[in-house]
A.B. asks: 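Here you go, one structure.
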Amino acid sequence: MKILFSLLVISALFPAIIVDAQVIKVVNFEEFQPIIQKNNDTTYVINFWATWCIPCVKELPYFEDINSEFKDRKFKMILVSLDFKSQMESSLIPFIEKKNIESEVILLSDPDANTWISMVNEDWTGSIPATIIYNKDHYSFTEGSLTYNELKETITKYIIE
Amino acid sequence: MKNLIITIVLTITFSTSFSQGYGTGDKAIDFNLLNIDGQYLSLDDYDEAKGFIVIFTCNHCPFSIAYEDRIIAIDKKYKALGYPVIAINSNDSTIAETDSYSHMKVRAKEKGFTFPYLLDADQSIARTYGATRTPHVYVLSKDKKKLLVKYIGAIDDNHEEPEKVKAKFLEDAVDALLDGNSPNPDFTKAIGCTIKFSK
């Protein structure tokens, strides 16, 4: 009886979990690199962040607002989490669910940061937040926080109709 | 003539405001900062030291926390060899409240820090050194009366899984100095929490 009850509870809960949860793709740098090297009409916003990073969490709503404004254009937002892989279930996924994050989130998990930080951008010292905005004609890299207006201004300038 | 003056003024202004902090080979300044024991501490207080492992760190940052045990081990090993660890917290605690002086004392006690843990209250040392994240390491060596920057960067190449570390950048750098060589690499990068500078 107890088992049957558990099964009922699980089957009742499980679909909801699947529907709500964003599937977080975990990538190493080799798998990640093509995302910052595309050469097409789409304007990409690539934001490096983590749930434990106070200024990142503070600017995240701006990125979410921008994403909902531009998502129907030639535009793609990717939030690249640098959370510890071991804390994906305990920190990252609950955070995304609680904040209702709609932009795509991927987890970049690659310990050899000394090598790949400079491959993202030569000037990046490794602190987050850091953001790349680019398409085939434009490129900008920012180490530090961005405001809604700064994001919107750059994207409006870059976006290709 | 007027143009020349403008050029000079602009050059001075730019080189000051765009200062990136130290590079390896630069002469580092000493400091006088409040330690968790209530005393002020300077590098000048260490007569016997050959140099210092200065680590900008803090309480709240998961990267700093992940490295605490390794920093303690490094201090125990290298203090005896003449390179003690000097930890500095430069964060504005109005932005990261658990980085306040009282929280520093609590964290140091909990973890049994074997090294001084100093408060850079006006953040001037982080700015002068060019520290941007935690943990951010500067190895200094004594050259007569001067302090020279010999290594800047990360502790090792795996913050999350200490057992999978392949390159111990910091220890290799200090070992090289102890052997009379220059560290190679003398500059590495790592992901870390931004130092919370006051606006």
Side-chain angles (χ1 to χ4, degrees), chain A residues 26-29 32 46-60 79-92 95 106-132 141-147 150, chain B residues 18 20-23 56 58-67 91-99 126 129-137 151-170 172 185-197 199:
Chain A
V26 182
V27 293
N28 63 26
F29 186 71
F32 170 73
I46 316 291
N47 173 244
F48 297 89
W49 71 292
T51 57
W52 44 259
C53 162
I54 300 165
C56 304
V57 170
K58 212 170 154 189
E59 71 174 4
L60 214 49
L79 304 176
V80 184
S81 162
L82 295 170
D83 279 272
F84 293 7
K85 195 176 164 186
S86 59
Q87 290 167 10
M88 187 162 90
E89 305 289 337
S90 60
S91 298
L92 182 60
F95 180 92
I106 62 173
L107 180 73
L108 173 56
S109 176
D110 194 323
D112 188 17
N114 178 47
T115 305
W116 63 253
I117 288 169
S118 295
M119 291 166 78
V120 170
N121 188 288
E122 196 55 47
D123 296 332
W124 189 16
T125 71
S127 74
I128 53 173
T131 304
I132 296 172
F141 174 80
T142 308
E143 180 164 1
S145 302
L146 287 167
T147 63
E150 286 167 335
Chain B
F18 287 88
Q20 297 287 312
Y22 294 148
F56 291 88
C58 66
N59 303 321
H60 91 274
C61 171
F63 281 82
S64 294
I65 293 166
Y67 273 111
N91 276 353
D92 178 350
S93 63
T94 62
I95 301 172
E97 59 180 89
T98 56
D99 289 332
Y129 277 58
T132 57
R133 59 175 189 270
T134 55
H136 201 158
V137 179
Y151 170 80
I152 300 175
I155 293 167
D156 58 42
D157 68 352
N158 198 321
H159 59 273
E160 193 172 355
E161 296 174 283
E163 66 285 358
K164 289 190 182 163
V165 167
K166 291 198 195 99
K168 294 184 172 183
F169 301 126
L170 169 59
D172 291 349
D186 61 6
F187 178 84
T188 58
K189 290 183 175 183
I191 295 295
C193 310
T194 35
I195 290 183
K196 308 296 181 286
F197 288 107
K199 295 283 179 202

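Every chain is numbered from 1, with letters handed out A, B, ... down the list of sequences.
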A.B. asks: At a 4.5 Å cut-off on heavy atoms, which part of B:A190 comes close to chain A: side chain, backbone, both, or neither?
C.D. replies: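 It is the backbone, since no side chain atom gets that close.
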A.B. asks: Can you pull out all donor-acceptor pairs below 3.5 Å that join chain A and chain B?
C.D. replies:
residue	atom	partner	partner atom	Å
A:K85	N	B:E160	OE1	3.2
A:K85	N	B:E160	OE2	3.1
A:S86	N	B:E160	OE2	2.8
A:S86	OG	B:E160	OE2	2.8
A:N114	OD1	B:K189	N	2.7
A:S118	OG	B:K189	NZ	3.0
A:E122	O	B:K189	NZ	2.8
A:W124	O	B:K189	NZ	2.7
A:T125	O	B:R133	NH1	2.6
A:T125	OG1	B:T132	OG1	3.0
A:G126	O	B:G192	N	3.1
A:I128	O	B:T194	OG1	3.4

A.B. asks: Less than 6.0 angstrom separating the ring centers of A:F84 and B:F63, yes or no?
C.D. replies: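 Ring centroids of A:F84 and B:F63 are less than 6.0 Å from each other.
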A.B. asks: Checking side chain to side chain contact (heavy atoms under 4.5 Å, CB included) for the pair A:L60/A:L79: CA distance, chi angles, key distance, verdict?
C.D. replies: CA-CA 9 Å; A:L60 214 49; A:L79 304 176; 4.0 Å; yes
A.B. asks: Is B:A66 in contact with chain A via its backbone, its side chain, both, or neither, using a 4.5 Å heavy-atom distance?
C.D. replies: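 B:A66 touches chain A through side-chain heavy atoms alone.
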A.B. asks: Answer yes or no for B:C61 and B:C193: SG-SG distance under 2.5 Å.
C.D. replies: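 A disulfide, yes.
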A.B. asks: Rounded to the nearest 0.5 Å, how far apart are CG of A:L82 and CG of A:L107?
C.D. replies: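 Taking CG in A:L82 and CG in A:L107, the distance rounds to 7.5 Å.
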A.B. asks: What are the two closest heavy atoms between B:P185 and B:F169, and how far apart are they?
C.D. replies: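 It is CG-CD2, 4.2 Å.
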